[in-house]
J.: 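My structure is below; once you've seen it, I'll send some questions.
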Amino acid sequence: MSAVQEVAPGYQAGRTLPLRVEALRQWRRRRTLVMFGVLAALPFIMLIAFAVGGGPDGPDGGNGRITLIDTATASGANFAATCLFVSAGFLLVVPVALFCGDTVASEASWSSLRYLLASPVPRARLLWSKLVVALGFSLAAMVLLPVVALAAGTAAYGWGPLKIPTGGSLAAGDTVPRLALAVAFVFVSQLVTAGLAFWLSTRTDAPLGAVGGAVGLTIVGNVLDAVTALGSWREFLPAHWQFAWADALQPQLEWGGMVKGTAVSVSYALVLFALAFRGFSRKDITS
């Protein structure tokens with residue numbers, strides 16, 4: 001005789017731990033508000049820095065390299081692009097690692113994970129809800145910074161075309177969609193960090209271990225990309241394409257680097273997310 005699984009009347013696994021409930025729980029946490037506060041404050045800190053320092057001082061502060069910082073005060077769009085430039089390499093890694101690495105591990109550290117699963121919330125459903133909310137907050141963090149920077153920069157420097165440091169400009173009407181494309185690519189490029197953090201979050205009961213591990217491994221990737229002796233092997237590193245978003249701000253939109261970077265980042269991320277779901281489905285939950 002085959003065993004019949006009994007469930008409570010009206011129980012539907014797909015309706016357990018709704019996204020809005022998980023999103024509200026994460027929004028109320030202090031680390032979420034602090035992270036958003038830091039990102040919203042960065043453009044104003046940079047405005048003060050430029051006001052005190054008198055604006056950019058030639059190519060890369062006199063070192064001969066030309067970057068977006070050299071045209072930061074040309075318009076609000078330039079200021080927003082500069083804020084993205086100075087934060088994409090590391091600062092924007094932190095909220096992604098925080099939201100994705102803390103989400104499951106924190107439940108384990110509070111000894112509430114087993115009670116969530118006993119509700120009962122299926123393991124796959126729990127991970128799916130937490131992953132979607134974590135990625136949603138990560139995207140919101142990445143959108144917040146350039147939006148605040150664009151508003152603050154426009155108020156301080158006016159609205160106008162985006163001046164390209166190497167020459168030429170991007171029409172004012174094209175700046176917002178191009179900046180949106182740049183932010184979208186930055187988010188996709190950070191999916192590897194999200195995957196690392198989420199996978200580590202399912203493997204440890206220490207949130208700081210998952211967050212720190214993801215940030216640390218991301219830094220290792222950046223270091224390896226700086227080793228020119230690796231040659232073409234660097235193209236398989238997500239860090240190699242992290243600034244390909246700058247191609248979106250050229251007068252003639254260039255897709256090559258962003259397409260390759262997207263392929264590399266998504267490939268790594270899918271593997272890491274799969275490992276997280278597979279490992280968590282077999283894990284003995286004791287906390």
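Numbering of residues begins at 1 and proceeds along the displayed sequence.
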J.: Starting from the C-alpha separation in whole Å, work towards a yes-or-no answer on side-chain contact (heavy atoms from CB on, under 4.5 Å) for Leu39 and Leu91.
T.: CA-CA 9 Å; Leu39 292 173; Leu91 181 60; 4.0 Å; yes

J.: Is there a side-chain contact between Arg178 and Leu253 in this structure, where contact means two heavy atoms from C-beta onward sitting under 4.5 Å apart?
T.: yes

J.: In the structure I gave you, are the side-chain heavy atoms of Met35 and Phe99 within less than 4.5 Å of one another anywhere?
T.: yes

J.: With rounding to the nearest 0.5 angstrom, report the CG to CZ distance, Leu127 to Arg278.
T.: 14.0 Å

J.: Using the salt bridge (Lys or Arg N to Asp or Glu O under 4.0 Å) rule, pick out the option among Arg30, Arg25, Arg31 that qualifies with Asp102.
T.: Arg31

J.: Regarding Ser189 and Ser265, do their side chains bring together a donor and an acceptor under 3.5 Å, going by distance alone?
T.: no

J.: Would you say Lys163 and Ser75 make side-chain contact, with heavy atoms under 4.5 Å?
T.: no

J.: May I ask you to test the Phe85-Ile69 pair for a side-chain heavy-atom distance under 4.5 Å?
T.: yes

J.: Looking at Glu22 and Lys130, does any basic side-chain N land under 4.0 Å from a carboxylate oxygen?
T.: yes

J.: Can you tell me how far the CG atom of Leu191 sits from the CG atom of Leu135, to the nearest 0.5 Å?
T.: 6.5 Å

J.: Any side-chain heavy atom of Phe277 within less than 4.5 Å of one from Thr202?
T.: no

J.: Classify the ring geometry of Trp27 against Phe36: parallel below 30°, tilted from 30° to 60°, perpendicular beyond 60°.
T.: tilted

J.: A side-chain contact here means heavy atoms from C-beta on lying under 4.5 Å apart; do Asn78 and Thr73 qualify?
T.: no

J.: Is any side-chain heavy atom of Pro146 closer than 4.5 Å to a side-chain heavy atom of Leu179?
T.: no

J.: Shortest non-hydrogen contact from Val192 to Leu272?
T.: O-CD1, 3.7 Å

J.: Which heavy atom of Leu170 sits nearest a heavy atom of Gln250, and at what distance?
T.: CD1-O, 3.9 Å

J.: Thr228 and Arg234: side-chain contact (heavy atoms from CB on, under 4.5 Å), yes or no, with the steps?
T.: CA-CA 8 Å; Thr228 56; Arg234 293 187 299 162; 4.0 Å; yes

J.: Looking at OG of Ser169 and CG of Leu249, how far apart are the two atoms once the value is rounded to the nearest 0.5 Å?
T.: 12.5 Å

J.: Taking all non-hydrogen atoms of both residues, which atom of Cys83 and which atom of Met46 are closest, and how far apart?
T.: SG-SD, 3.6 Å

J.: Under the side-chain contact (heavy atoms from CB on, under 4.5 Å) rule, what do Phe187 and Leu92 come out as? Steps first, then yes or no, please.
T.: CA-CA 9 Å; Phe187 173 72; Leu92 291 181; over 6 Å; no

J.: Side chains of Thr103 and Phe137: does their closest heavy-atom pair fall under 4.5 Å?
T.: no

J.: Return the minimal non-hydrogen interatomic distance between Ala72 and Phe50, and the atom names on each side.
T.: CB-CZ, 3.5 Å

J.: Give me the atom names and distance for the closest heavy-atom approach of Ala81 to Trp245.
T.: O-CH2, 3.9 Å

J.: Rounded to the nearest 0.5 Å, how far apart are CG of Asp225 and CZ of Phe243?
T.: 10.0 Å

